[in-house]
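To start, the structure under review is shown below, and the notes come after it.
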Number of protein chains: 2
Amino acid sequence: MIEVSDREFEVLEAIWEGAPVTANEVVSRLNKKSAWHDKTVKTLLGRLVKKGAITFQREGRSYLYSPCLAREEYVQKQSAGLVERLFDGKIGDFVAGFATTKKLKHSDIKELKAFIDKWEKEND
Amino acid sequence: MIEVSDREFEVLEAIWEGAPVTANEVVSRLNKKSAWHDKTVKTLLGRLVKKGAITFQREGRSYLYSPCLAREEYVQKQSAGLVERLFDGKIGDFVAGFATTKKLKHSDIKELKAFIDKWEKEND
DNA sequence: ATTTACAGATTACACCTGTAATCAAACTTG
DNA sequence: CAAGTTTGATTACAGGTGTAATCTGTAAAT
């Protein structure tokens, strides 16, 4: 898969918020969370284009950027990779390990149960 | 937390297999999976020491390396970080997302249920 | 004692990252 | 049309990464 760095990922997130989008809008979105220098963002946009993670269409003097892969797709690959690397692919181990540090809430358990019910209905 | 690179992590895994351990034994363990040049491994060991991820005691002419943090600890922090970054901390979303690509097996579901039972017993 | 071997330390080097500044082309404004 | 502005492109530069080769000190062998 295309490898994006930490900072590049943050830029990607901003693009996933809504595309196509101008560089300036990306800068604005990012600055809602923390301070980004616009030159830095432009550089990262360029690198993402070069890596094939995003594309653009010229719109007058500027560009409109769009992601080349859906957030879900990216996120799922990252998840699968981590479970594979760290838990030998066993999601149960992941959840158990996760729960030893991050205290789960009742709502988390409820979500898990809902997921299991759904899975069992679909897979009798 | 201490940041270790991908390759450094693989070396760490070899050390976690059993420590304290000599550089040569680390090389051997790594070569069971894929080819590693011993010079490269030595470099990575040095970098891990410098980062404080591992330590060593001199043993005659060579060193015996040991990890400075437990695998569980490292793995849990990585897990928590990923769930936080990609799923806003919601583990249910993580599992649901994970299941859309990696087909879960009955054994996975069984593990999840066992985990939930345990959790519910502990948290009435 | 001199040579040899081996371990870790130092050096190498290209590519990636984070963080921008500068350049150049086009667009706007006077 | 000339000057300033805006946008992406190019350049910069230090520190990290992958992948080793070379240096250096000491231990083993002759």
Side-chain angles (χ1 to χ4, degrees), chain A residues 1-15 19-68 74 78 81-82 85, chain B residues 1-15 19-68 74 78 81-82 85:
Chain A
M1 184 177 34
I2 296 164
E3 286 289 341
V4 308
S5 74
D6 289 359
R7 296 301 261 177
E8 285 164 1
F9 173 72
E10 294 185 66
V11 172
L12 246 187
E13 287 274 46
I15 295 174
V21 59
T22 64
N24 281 335
E25 173 60 17
V26 171
V27 173
S28 299
R29 289 179 188 171
L30 288 167
N31 278 314
K32 278 186 289 188
K33 289 280 174 184
S34 60
W36 288 72
H37 197 294
D38 79 319
K39 295 295 186 185
T40 301
V41 177
K42 303 286 183 72
T43 297
L44 294 174
L45 285 169
R47 289 182 184 169
L48 284 168
V49 168
K50 186 193 276 187
K51 287 185 177 183
I54 63 178
T55 17
F56 62 85
Q57 303 93 51
R58 188 168 260 106
E59 202 271 338
R61 57 213 151 290
S62 60
Y63 291 174
L64 287 179
Y65 296 92
S66 303
C68 288
Y74 176 86
Q78 293 294 311
L82 181 131
R85 269 197 319 285
Chain B
M1 187 174 36
I2 296 164
E3 286 289 343
V4 308
S5 76
D6 288 358
R7 297 301 260 176
E8 285 163 1
F9 174 71
E10 294 184 65
V11 173
L12 245 187
E13 288 273 44
I15 296 172
V21 59
T22 64
N24 282 334
E25 172 60 18
V26 171
V27 173
S28 299
R29 288 179 188 172
L30 288 168
N31 278 314
K32 279 186 291 189
K33 288 281 173 183
S34 61
W36 288 72
H37 199 294
D38 78 319
K39 295 296 187 185
T40 301
V41 177
K42 303 287 184 70
T43 296
L44 293 173
L45 285 169
R47 289 181 183 168
L48 284 167
V49 168
K50 187 193 271 186
K51 287 185 177 184
I54 63 179
T55 17
F56 62 86
Q57 302 94 52
R58 187 169 260 106
E59 203 272 337
R61 57 217 151 286
S62 60
Y63 291 174
L64 287 179
Y65 297 92
S66 303
C68 288
Y74 176 85
Q78 293 294 311
L82 181 132
R85 269 197 319 286

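So that the names make sense, note that chain A is the first sequence line, chain B the second, and so on, each numbered from 1. These numbers were taken from a predicted model, which means no experiment stands behind them. As a basis for the values below, the full set of heavy atoms in this structure was taken, side chains included, without hydrogen atoms, waters or symmetry mates.
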Between D:dG18 (C1') and B:Phe9 (CZ): distance, integer Å: 17 Å
Whole-Å gap separating C1' (D:dT17) and CD (B:Glu3): 13 Å
N/O (side chain, A:Ser62) to phosphate O (OP1/OP2, D:dT6) under 4.0 Å: no
Pair listing, side chain to side chain donor-acceptor pair (under 3.5 Å) test, anchored in residues 52-62 of chain B, at least two apart: B:Arg58-B:Tyr63
Results of ring pair (Phe, Tyr, Trp, His ring centres under 6.0 Å) for A:Tyr74 - residues two or more places apart only: A:Phe9, A:Trp16
Gap between atom NE2 of A:His37 and atom CG of A:Asn31 - 0.5 Å precision: 10.5 Å
Between NZ on residue A:Lys51 and CD on residue A:Glu8, distance to nearest 0.5 Å: 3.5 Å
Minimum side-chain heavy-atom gap B:Leu48-B:Tyr65 below 4.5 Å: no
d(CD, A:Glu8; P, C:dC16) in whole Å: 10 Å
Gap between atom CZ of B:Arg47 and atom CZ of B:Arg7 - 0.5 Å precision: 12.0 Å
Length of the CD1-P vector between B:Ile2 and D:dG16, whole Å: 14 Å
Selection from C:dG18, D:dT7, C:dA7 that lies nearest to any side-chain heavy atom of A:Asn24: D:dT7
Whole angstrom value for the distance that separates C1' of C:dC16 from CZ of A:Arg7: 16 Å
Euclidean distance, atom CD of residue B:Glu25 to atom C1' of C:dA7 [Å, nearest integer]: 16 Å
Within residues 31-59 of chain B: residues closer than 4.0 Å to DNA chain C (heavy atoms): B:Lys39, B:Lys42, B:Arg47
B:Tyr63 vs A:Asp6, nearer the 5' end of DNA chain C by closest nucleotide: B:Tyr63
